[in-house]
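Just so it is clear, the values below take in all heavy atoms, side chains as well, and ignore hydrogens, waters and symmetry mates. Below, chains carry the letters A, B, ... as their sequence lines are ordered, and counting in each starts from 1.
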Amino acid sequence: MSDELAPSFSPADIEAALYKKWVAAGYFTADSASTKPPYTIVIPPPNVTGSLHIGHALDHTLQDTLVRMKRMKGFETLWLPGMDHAGIATQNIVEKQLAVTGLTRQDIGREAFVKKVWEWKSESGGAILDQMRRLGDSVDWSREAFTMDSGLSTAVLTIFKKLYDQGLIYRAERIINWCPSCLTALSDIEVDHHDDAGEFVQVRYGEGEIQITVATTRAETMLGDGAVAVHPDDMRYKHLVGKEVLLPLANRYIPIIADELVEPEFGTGAVKVTAAHDPHDFEMAVRHNVPFVIIMNEHGVMDGSGTRFDGMDRFVARKAVVEALRSEGRIMDEKRPYVHAVGHCSRCDTTIEPRLSMQWFVKVAPLAKAAGDAVRDGRVRIEPAELAPRYFDWIDNMHDWCISRQLWWGHRIPVWYGPNNEVVVVGPGEFAPDGYTQDPDVLDTWFSSALWPFSTLGWPSSNADLKKFYPTSALVTGYDILFFWVARMMMFGLFAMDGVPPFHTIALHGLVRDQFGKKMSKSKGNGVDPIEFMDRYGADALRFTLARGANPGKDQALAEDWIGGSRNFATKLWNATRFAMMNGATTHGELPALESLNAVNKWILSRLSATISEVDVLLEQYEFARACELMYHFAWDDLCDWYLELSKKSFASGDSTDTKRVLGFVLDQLFRLMHPVMPFITETMWTALTGEESLVIAKWPIARPEHIEKEAEKLVVELQEIITEVRRFRNDQGIKTSQKIPARFVAPEYIQEYAGAMAFVLRLELGDITSSAHCEIGRVRVEFDLTQSIDAVAERARLEKDLSSAQKDKQTAEVKLNNAGFMAKAPEAVLVEIRERLAKTTAEIERITTQLSLLPRT
RNA sequence: GGGUGCUUAGCUCAGUGGUAGAGCGUCUCGUUUACACCGAGAAUGUCGGGGGUUCGAAACCCUCAGCGCCCACCA
């Protein structure tokens, strides 16, 4: 125990030292044999860029806040940290690095490439871990990094086989989203739709008797047309159905079919059917036996149409095809630009090409039903509830999930093919027969991520961890990955764990925006760097800022000023604690009997208890912003601005035994309460104050109902009003705060008792004086002996302002009381309040008017 | 196209029926025995527009306008 705190603190120093101390003491390590109730929290896989993103800083701040609180409440807490994040982003980064040496992944081969990714990943992953530790995360990192070739791999094999055996995984040739740049299939949510200025051209097919005009935005795909479709009831085209029409440029004859899917109102009412390059067309083609003509390769280059367009890029071909058609006089109409939604790869923004190919899919219907029901029937809560409709909307209308990716970085699909197209799905510990070859594709990263809540606990083997910590208590994450990750964990959790959902609560927070509420982006350069802010303001300041801005499900704007404000708050607390300790604040000994305390001490205890109970409720409801707001105002306003000020007199006069003990108690409790949001500085101050081991393992503060003291609160509010009024008077009179004024309180006994304390704060010298000026606040009159006469103009202005505000208040009260409807229907409590207001304002007006009349004319 | 959210002080945002709030910024004063990363005081809003419900609306309902986000295989 150090007897005093340094005049200033260095965040970097205390952060590094304390983190080491906490880890060494084993505070963060969960023990599945413990008998405490479990509190498990799932945290998202960190990103792969090698540096802490502000969004992750927010994630981890909120998660760690909950974990620290729960730990103090006596729970056995466990984080489920994720380090495994396969997929395109990682692969792209390493491929780019490789490209610097002039090589491609094909050049060095699959094995060498994967090894290279691992090397890079452990490096960047390690960097992120260090950065999160700096933030103060109390993650049990001994469970970190379930890797591709350890526990998670077994889990992937197990669930793949289980799904396959139940017919929930299948392989099929379908139209999928293909990125010609990443060269892989993508799931629906990896495709972003945004408006592009394209073209919309009407092309006349056929010759002579049999002609029909179709409309398209992708003219080049006509080379792969297998039919033209119209609506069955469309009278314009009824006579053509069943006939064959000449396909220009390709010089083939294709049938005209009728299908309900066609909108007669749209375009010309006739649609070209390109079975292999459009999902809609694919559906119709299956129904009508239209052939699949593939005319483009995986790079988006025309290939296989047997025309002169082969070898052209798809966009070049589009222009060329339109030109060729124009020269044949077949373009009947064209709109350019034609703005319409086009799919883009969410990673590289390349325009998605729908492509017919053989892929693996998860049949989601039964899984999604279960995942929706778990929330519908209340077994899983989504916080805030407003976001639940978004979840239902998505999960109830989900298409089958394409899980194969043509990448090298990820879990290999555990399927082997025999020489005669035999298919063997390989489970854990199983092997395919000799001569079989494994599917070259890997699984979508969210496939393995979906296993997180139970695979990290050792599933599929049943052990103590899994029994104790599943289902998890909470998932705290941004709403942006509700579909990517959350919904998929729900589906797989329910499936693998016999219908038990993976979490009790899904708490969704918003995203961090820039200071003007705009989305952060690299191209705009408005991103913020959490590391830089921690360097400059400390981890506590960053954490408190993020927590203070976190309203459930709502985005928060973040600027450097905000963090500076939190740092100021930390400094304020530091100085207040230093002052308290210099004046002998202590946590030793019994708290004095309540009845024996003065009103100021009673008041601060009452405020403390109220704050504790409100903060506790708010944190349990994931209302971080409101909780922080209460702590902030209790600490700064109630404690620093009023309690410490009002206590200075007793410290100065040496009559402060009660106050020392009460102050020590309040600080002790406040630090416990704030520890989850400002772990480092509270730990430092608390251990200095109490001499005890650590706040991490201290008990969470409990509100004491017996400390709630309405009378004391009322009295202190009165004292505050008096002090504020005298300060106003001094200010308006231009009297320096440092100048002492002889004064006297004319007040009821219960106020008079605090005259000394107030005089100390107000720099008044109490004594028998000749009054030359005074202030009146309700029943209290403060008289001053001013050496010079008062500034009557300033005083008149002050009083007139008070008068007009009192008159306004009186008027609104009168209007209400004269309103028959109000008198008849307003509740009694409101009536009483308004009557009191009327009485009070009436007295005020009388008092001020008298004072004004006594002022010398100027 | 379908959802959904927002619009409150200069800026960013709280506020789910009873006299409009916070942080930052602004103005004035001030180094008094914790703190200038401070203290004291002050200014600032027909709560997006228009209707309605109510004794009473920033809040509830309708409508219009603007902004944002999510979802969407209309060629």
Side-chain angles (χ1 to χ4, degrees), chain A residues 5 7-8 175 177 188-189 191 193 200 214-218 221 229 261-263 265-268 270-274 278-283 340-341 343 354 386-387 389-390 393-394 397 399 479-480 482-483 511 513 515-519 537 541 548-549 551 553-559 561-562 564-583 625-626 629 632-633 640-641 644-645 648 651-652 723-724 727-728 730-732 734-740 760-761 763 808-809 812-813 816 819-827 829-830 833-834 837:
Chain A
L5 293 167
S8 65
I175 300 276
N177 304 299
D188 289 344
I189 45 172
V191 176
H193 291 86
F200 192 51
V214 300
T216 181
T217 54
R218 293 159 68 213
T221 61
L261 206 61
V262 181
E263 278 287 347
E265 309 302 322
F266 191 86
T268 60
V271 180
K272 56 198 279 307
V273 179
T274 318
D278 184 279
H280 249 136
D281 297 2
F282 176 83
E283 247 181 76
H340 63 134
E386 298 95 86
L387 287 174
R390 198 185 273 197
D393 182 52
W394 191 78
N397 300 299
H399 293 123
Y479 62 71
D480 55 330
L482 183 61
F483 307 140
L511 311 179
R513 324 291 293 242
Q515 59 184 308
F516 303 113
K518 295 272 175 270
K519 200 170 178 173
Y537 300 100
R548 194 183 185 185
N551 286 298
K554 289 202 171 172
D555 293 350
Q556 61 169 301
L558 179 70
D561 282 355
W562 285 216
S566 298
R567 187 268 319 263
N568 295 354
F569 179 45
T571 310
K572 184 77 180 173
L573 282 175
W574 182 270
N575 284 314
T577 307
R578 211 158 54 86
F579 174 74
M581 288 174 69
M582 276 170 5
N583 281 290
R626 290 170 65 192
E629 202 63 17
Y632 181 92
H633 283 113
C640 295
D641 288 348
L644 289 182
E645 290 302 322
K648 277 180 178 173
F651 287 138
I723 289 170
T724 303
R727 279 170 173 167
R728 268 185 76 199
R730 291 183 60 129
N731 216 292
D732 291 344
I735 301 166
K736 287 191 179 181
T737 32
S738 52
Q739 188 188 331
K740 293 201 170 187
F760 196 90
V761 172
R763 311 247 102 206
K808 207 173 128 199
D809 287 352
T812 53
K816 288 203 170 188
N819 181 331
F822 176 80
M823 296 304 284
K825 297 192 177 176
V830 178
E833 195 192 318
I834 303 287
R837 198 184 303 156

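Put simply, the side chain of A:Arg567 and the base of B:C37 share a donor and an acceptor less than 3.5 Å apart. For A:Glu645 against B:A40, no side-chain N or O and base N or O form a donor-acceptor pair under 3.5 Å. A donor N or O paired with an acceptor N or O is found under 3.5 Å between the base of B:U32 and the side-chain atoms of A:Arg763.
Within the 4.0 angstrom heavy-atom criterion, base atoms lie near A:Ala576. Counting any heavy atom pair closer than 4.0 Å across all strands shown, A:Arg218 reaches no nucleic acid atom. Within the nucleic acid shown, A:Gln515 comes within 4.0 Å of sugar-phosphate atoms alone, with no base atom in reach, counting heavy atoms only. As judged by a 4.0 angstrom heavy-atom cut-off over every strand, A:Lys740 is placed among residues making no nucleic acid contact. Within the 4.0 angstrom heavy-atom criterion, only backbone atoms of the sugar-phosphate kind lie near A:Asp561; the bases stay farther away. As judged by a 4.0 angstrom heavy-atom cut-off over every strand, A:Phe569 is placed among residues making no nucleic acid contact. Contact annotation for A:Thr724: backbone-only contact, meaning every heavy-atom pair under 4.0 Å involves sugar-phosphate atoms and none involves a base. Residue contacts for A:His340: at a heavy-atom cut-off of 4.0 Å it reaches the sugar-phosphate backbone alone, with no base atom in range. Residue A:Asp732 is classed as having no contact, given no heavy-atom separation below 4.0 Å to the nucleic acid. Heavy atoms of A:Pro827 sit under 4.0 angstrom from at least one base atom. Backbone-only engagement by A:Phe516 is indicated by non-hydrogen atom pairs under 4.0 Å involving sugar-phosphate atoms exclusively. Residue A:Asp641 is in sugar-phosphate contact alone, with no base atom involved, counting any heavy-atom pair closer than 4.0 Å across all strands shown.
For A:Arg730 and B:G41, the shortest distance from a side-chain N or O to OP1 or OP2 is not below 4.0 Å. Using a 4.0 Å cut-off, no side-chain N or O of A:Asn177 falls inside it from OP1 or OP2 of B:C73. Of the side-chain N and O atoms in A:Arg837, one or more sit less than 4.0 angstrom from OP1 or OP2 of B:U19. OP1 or OP2 of B:G39 sits under 4.0 Å from a side-chain N or O of A:Lys572. For the pair A:Lys648 and B:A34, the criterion of a side-chain N or O lying under 4.0 Å from OP1 or OP2 is met. Applying the 4.0 Å criterion to OP1 and OP2 of B:U12, one finds that A:Lys518 has every side-chain N and O outside that range.
The nucleotide B:U31 finds no pairing partner, because no Watson-Crick or G-U wobble arrangement with both distances shorter than 3.5 Å includes it. The partner of B:U53 is absent, by the rule that a Watson-Crick or G-U pair needs both atom distances under 3.5 Å. A 3.5 Å limit on both hydrogen-bonding distances identifies no Watson-Crick or G-U partner for B:C37. Base pairing annotation: B:C69 forms a Watson-Crick or G-U wobble pair with B:G3, both donor-acceptor distances under 3.5 Å. In this entry B:G48 has B:C64 as its Watson-Crick or G-U wobble partner, both defining distances falling under 3.5 Å.
With P as the reference atom, B:U16 and B:G52 are 26 Å apart, rounded to whole Å. Taking atom P in both B:A9 and B:G49, the straight-line distance is 11 Å, to the nearest Å. For B:G45 and B:U63, the P atoms lie 32 Å apart once the distance is rounded to whole Å. Here the separation of B:A65 from B:U44, taken at their C1' atoms, is 27 Å to the nearest Å. The same atom, P, is picked in B:C64 and in B:U4; the two are 15 Å apart, to the nearest Å. Separation of the P atoms belonging to B:C67 and B:A57 is 30 Å when rounded to the nearest angstrom. Of the P atoms belonging to B:C62 and B:G5, the separation is 12 Å, rounded to the nearest Å. Rounded to whole Å, the C1' atom of B:U54 lies 35 Å from the corresponding atom of B:G2.
Note: A:Phe483 and A:Trp394 have parallel aromatic rings, judged against thresholds of 30 and 60 degrees for the angle between ring planes.
A donor-acceptor contact shorter than 3.5 Å is absent between the side chain of A:Arg837 and the backbone of A:Thr812. For the pair A:Asp278 (side chain) and A:Asp281 (backbone), a donor-acceptor distance under 3.5 Å is present.
A:Arg626 has no carboxylate O lying under 4.0 Å from a charged side-chain N of A:Glu629, or vice versa, which leaves the two without a salt bridge.
Between A:Met581 and A:Leu5, some side-chain heavy-atom pair lies under the 4.5 Å cut-off.
Taking SG of A:Cys640 as the start and CZ of A:Phe579 as the end, the distance is 10.0 Å to the nearest 0.5 Å.
In this structure, the nucleotide among B:A75, B:A22, B:C55 sitting nearest to the side chain of A:Val262 is B:A75.
Checking A:Asn575 against A:Arg578 by side-chain atom types alone, a donor-acceptor pair falls below 3.5 Å.
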